[in-house]
Amino acid sequence: MIDPPLPRHLQLEITSACNLRCVMCLVRYRPPVNKLAGAMRPELFHRVLAEVPGLNRLTLQGLGEPLLSPYLLDMIVAAKRRRITVGFNTNATLLTARRAAELVDSGVDWLHVSLDGASAAAYESIRDGATFGTVVDNLAGLVRAKRAAGSATPWIRVVFVAMRDNLAELPDLIRLLSSIGVDELHVQNLSHSFSDADPAGRYHEIREFTAGQALWTGADTDRADAVFAGATAAAAEHGLRLRLPHTVPVDAVAGRGCSWPWEAAYLTSAGVVQPCCMVMGDDRVSLGSMADSTFPEIWSGAPYREFRRRLTTDDPPEVCRGCSLYRDTF
């Protein structure tokens with residue numbers, strides 16, 4: 001088997017620490033991580049960039065909140081010096097006016113803000129620890145900072161994780177974002193069913209939550225389709241770019257429903273290399289560690305080769321079978 005060239009896109013978990021305990025996130029079901037202990041060290045970050053010289057896209061996020069990393073701005077600047085397109089997703093609770101201005105000035109190319117409701121009740125029941133009004137104000141502040149600087153960047157996208165309990169919020173959210181001046185709304189499903197995990201094991205809580213809330217179970221297909229149709233009409237009316245997910249799983253095209261292991265990779269804050277960000281949990285699959293090998297060695301190593309081989313067959317890796325991206329429902 002011929003190994004693919006080194007990836008041009010990497011996603012780096014620059015911190016595994018988070019200030020929220022969101023109901024659909026693995027962070028909620030794990031012990032808290034210290035802000036400094038959870039940060040990816042600058043030495044590892046710069047080593048990764050050096051070992052993947054053809055990199056042209058960098059996503060600085062993982063299970064943690066990127067604004068908690070003390071090295072975030074330095075990492076953005078380092079990426080921009082290498083002419084790498086760079087951005088990240090944030091819960092925006094820490095996105096003060098000063099931080100917004102700094103980020104606009106840094107040249108960060110995109111900034112995605114998680115906002116899963118159009119009301120305080122819906123949003124705060126999901127993003128445990130956040131305040132709806134603060135996040136909306138911070139999002140509006142980011143738009144103002146971008147306009148004040150006369151900058152074309154960052155591209156501002158709101159990400160809405162669609163679930164059974166918050167689905168009805170979508171049309172109102174579109175109207176809210178339009179009033180703020182956001183560029184785009186990206187609606188996505190829950191990322192994984194965790195069906196490969198032991199029902200009584202450490203993933204049982206998030207597995208049970210997903211089973212009860214996921215739109216792709218088929219329980220709410222008609223309702224979801226109706227809400228999505230209303231959202232599409234509202235987005236057209238207000239001139240907001242909108243992306244919606246599929247609600248019904250589809251078969252993987254040509255035996256492979258994912259291109260990540262050929263084109264990109266995900267690294268945890270500790271340097272564990274995983275096939276993608278959808279896995280969640282570095283105990284679920286590891287293709288190597290930067291503590292033991294260089295990235296090129298890992299990329300061309302036996303575990304990666306076997307992972308890629310299985311993805312091209314009818315017997316994909318267990319961790320991929322419950323993945324929304326693999327099944328084209330993300």
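Keep in mind it's a predicted model, so treat the numbers as computed, not measured.
- Residues satisfying the salt bridge (Lys or Arg N to Asp or Glu O under 4.0 Å) criterion with Arg175, sequence neighbours excluded, are Asp172.
- Listed by chain and residue number, Val272 satisfy the side chain to side chain contact (heavy atoms under 4.5 Å, CB included) test with Ser286 (two or more places apart in sequence, or in another chain).
- Separation of atoms CG (Asp220) and OG1 (Thr247) is listed at 10.0 Å; rounding is to 0.5 Å.
- A search for side chain to side chain contact (heavy atoms under 4.5 Å, CB included) contacts involving Arg81 returns Val77, not counting sequence neighbours.
- Qualifying salt bridge (Lys or Arg N to Asp or Glu O under 4.0 Å) partners for Glu51, counting only residues two or more places apart in sequence or in other chains: Arg47.
- Scanning for side-chain hydrogen bond (donor to acceptor under 3.5 Å, both in side chains) contacts around Asp109 gives Lys80, with sequence neighbours left out.
- Applying the side-chain hydrogen bond (donor to acceptor under 3.5 Å, both in side chains) rule to Lys35 yields no partners; only residues at least two apart in sequence or on another chain are considered.
- Taking Arg30 as the reference, Asp283 meet the salt bridge (Lys or Arg N to Asp or Glu O under 4.0 Å) condition, with sequence neighbours excluded.
- Residues meeting the salt bridge (Lys or Arg N to Asp or Glu O under 4.0 Å) test with Arg321, sequence neighbours left out: Asp315.
- Sequence neighbours left out, the pairs with a member in residues 60-79 that pass side-chain hydrogen bond (donor to acceptor under 3.5 Å, both in side chains) are Arg41-Tyr71, Glu65-Thr90, Glu65-Asn91.
- Listed by first and then second residue, the ring-ring contact (aromatic ring centres under 6.0 Å, His included) pairs involving residues 7-58 are His9-Trp260 (not counting sequence neighbours).
- A search for side-chain hydrogen bond (donor to acceptor under 3.5 Å, both in side chains) contacts involving Gln213 returns Asp165, not counting sequence neighbours.
- The side-chain hydrogen bond (donor to acceptor under 3.5 Å, both in side chains) test applied to Thr294 returns Glu297, not counting sequence neighbours.
- The residues Arg241 and Asp183 are annotated as not salt-bridged, no charged nitrogen and carboxylate oxygen being separated by less than 4.0 angstrom.
- A tilted orientation is assigned to the rings of Phe194 and His192, their planes being inclined by 30° to 60°.
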